[in-house]
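Before any comments, here is the structure.
Computed from a predicted model, the values in this text were never measured in an experiment.
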Amino acid sequence: GQGNFQTGFQGCVSCFKLRSEAPDSDFFVVGAGLSAAFSGGMQAFFMVEGLLGYDNLSAYAVTIGLRGQF
């Protein structure tokens with residue numbers, strides 16, 4: 001009847017499909033970084049990361065920083 005939400009959907013509440021490619025299973029993130037501590041309490045750091053092995057996606061990140069005491 002009209003009070004039954006599932007009427008016409010063969011018993012499922014969310015009856016839709018999203019088509020996409022099969023998910024990649026052999027991907028990973030690789031990264032490397034350096035840091036240095038200087039006299040006077042100053043520190044510098046550098047980090048780079050990248051996503052490798054993913055078919056249709058590229059992602060990279062670079063972090064550079066300087067910190068010190070005041």
Closest heavy-atom pair and its distance - Tyr60, Gly50
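Looks like CD2-CA, 3.7 Å.
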What heavy-atom pair brings Phe27 and Gly53 nearest, and what distance separates the two atoms?
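Answer, listing the atom of Phe27 first, then Gly53: CB-C, 3.8 Å.
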Spacing of [atom1] belonging to [X] relative to [atom2] belonging to [Y], to within rounding of 0.5 Å:
{"X": "Gln43", "Y": "Leu66", "atom1": "CD", "atom2": "CG", "answer": "9.5 Å"}
{"X": "Glu49", "Y": "Thr63", "atom1": "CD", "atom2": "OG1", "answer": "7.0 Å"}
{"X": "Asp55", "Y": "Asp26", "atom1": "CG", "atom2": "CG", "answer": "9.5 Å"}
{"X": "Leu52", "Y": "Phe28", "atom1": "CG", "atom2": "CZ", "answer": "5.0 Å"}

Do Leu51 and Leu57 touch side chain to side chain, with heavy atoms closer than 4.5 Å?
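Counting from C-beta outward, Leu51 and Leu57 do come under 4.5 Å.
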Going hydrophobic residue to hydrophobic residue with side-chain gaps under 4.5 angstrom, can you get from Met47 over to Val29?
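In one cluster: no.
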